[in-house]
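Each ligand, and each atom within it, is numbered from 1 in the order the structure gives.
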Amino acid sequence: MNDLMSFGIHRLWKRYAISLSGVRAGQHVLDIAGGTGDLAKVFSREVGRNGHVVLSDINAAMLEVGRERLINAGCNNVDFVLANAETLAPFDDESFDLVTISFGLRNVTDKDAALKSMYRVLKPGGRLLILEFSKPVFEPLSKAYDLYSFTALPVMGKLIANDAESYQYLAESIRMHPDQQTLKQMMQQAGFENCDYHNLTAGIVAVHRGFKA
Ligand SMILES: C[S@@+](CC[C@H](N)C(=O)[O-])C[C@H]1O[C@@H](n2cnc3c(N)ncnc32)[C@H](O)[C@@H]1O
């Protein structure tokens, strides 16, 4: 469904986010709301055998799909941990060089709590990357995008996944999600420094980045 709905572009968005991660061999990476592990799979290769990746999600069934996929891909430096992004309870303070959350923050109810938890588990000098739907910066595109989201998406969801409601929710959750500037401010309030963001596909998606001093 991701490929179909985004015309395959989600792969380019993820690749771009990874290119901003600065990940290096030997580092410790946490991918929150990691689902089927698209990012964790790449990080596993990048950090190498002296590094370590945790694929984490709140949903046990989703995590199991990710586990199976990454084990089949030969990723043997990855752990799989059930965790709510709001607390990240299983993780110690200052334990990761890089924390990522891709198309996950939108689903988290208490985003401020989640951002504070992400800050807590990062080592000093570590960075957070958030890849998420955002606010299109070009008005005509914004109208076409709204039409696509609220009409085409639920129909595609119904026809292909037999689930119109989830795709109606997807459109609504995108509309409700904080825009670029608001999310940047929320990151700063959680303690992050040097926060910036990069719009992708005219702001349909944005990558936010912040650092722990
Ligand atoms: C759209 S998927 C994104 C999966 C993957 N990160 C990607 O980019 O393909 C959203 C994921 O967020 C997870 N999720 C939702 N609420 C969460 C929360 N409070 N804490 C952690 N994960 C959560 C869901 O279980 C789901 O796997």
Who's the nearest protein heavy-atom neighbour of [atom], and how far?
atom                    : value
atom 20 (N) of ligand 1 : Ala85 N, 2.9 Å
atom 2 (S) of ligand 1  : Phe103 O, 3.8 Å
atom 8 (O) of ligand 1  : Ser102 OG, 2.6 Å
atom 14 (N) of ligand 1 : Ile58 CG2, 3.7 Å
atom 27 (O) of ligand 1 : Asp57 OD2, 2.6 Å

Does a side-chain N-to-carboxylate-O contact under 4.0 Å join [X] and [Y]?
X      : Y      : result
Asp38  : Arg11  : no
Arg106 : Glu132 : yes
Arg67  : Glu64  : yes

May I have the step-by-step check of salt bridge (Lys or Arg N to Asp or Glu O under 4.0 Å) for Arg175 and Asp146, ending in yes or no? CA-CA 9 Å; Arg175 167 96 50 94; Asp146 253 14; 2.6 Å; yes
Do any N/O atoms on Asp31 end up under 3.5 angstrom from N/O atoms on ligand 1?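 Not met; the criterion fails.
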N/O of Ala33 under 3.5 Å from N/O of ligand 1, yes or no? yes
Residue portion contacting ligand 1 (non-hydrogen atoms closer than 4.0 Å) for Ala83: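 For Ala83, the contact with ligand 1 is made by the backbone alone.
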Give the contacting part of Lys14 toward ligand 1: side chain, backbone, both or neither, where contact means a heavy-atom distance below 4.0 Å. side chain
Here the gap from Phe150 atom CZ to Tyr167 atom OH, rounded to the nearest 0.5 Å, amounts to 15.5 Å
If you measure from atom 15 (C) of ligand 1 to every heavy atom of Leu131, Asn59, Asn107, which option wins on shortest distance? Asn107
Which of the listed options, Ile101, Thr100, Asp110, Asn84, holds the heavy atom that is closest to atom 19 (N) of ligand 1? Asn84
Any heavy atom of Met62 closer to ligand 1 than 4.0 angstrom? yes
Between Gln189 and Asp112, do the side chains contain a donor N or O and an acceptor N or O under 3.5 Å apart? no
Please list, chain by chain and in numerical order, all residues satisfying ring pair (Phe, Tyr, Trp, His ring centres under 6.0 Å) with Tyr197, sequence neighbours excluded.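 Listed in chain order: His208.
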State whether the number of non-hydrogen atoms from other residues, nucleotides or ligands found under 6.0 Å of Lys212 atom NZ is greater than 12.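 Check passes, neighbour count above 12.
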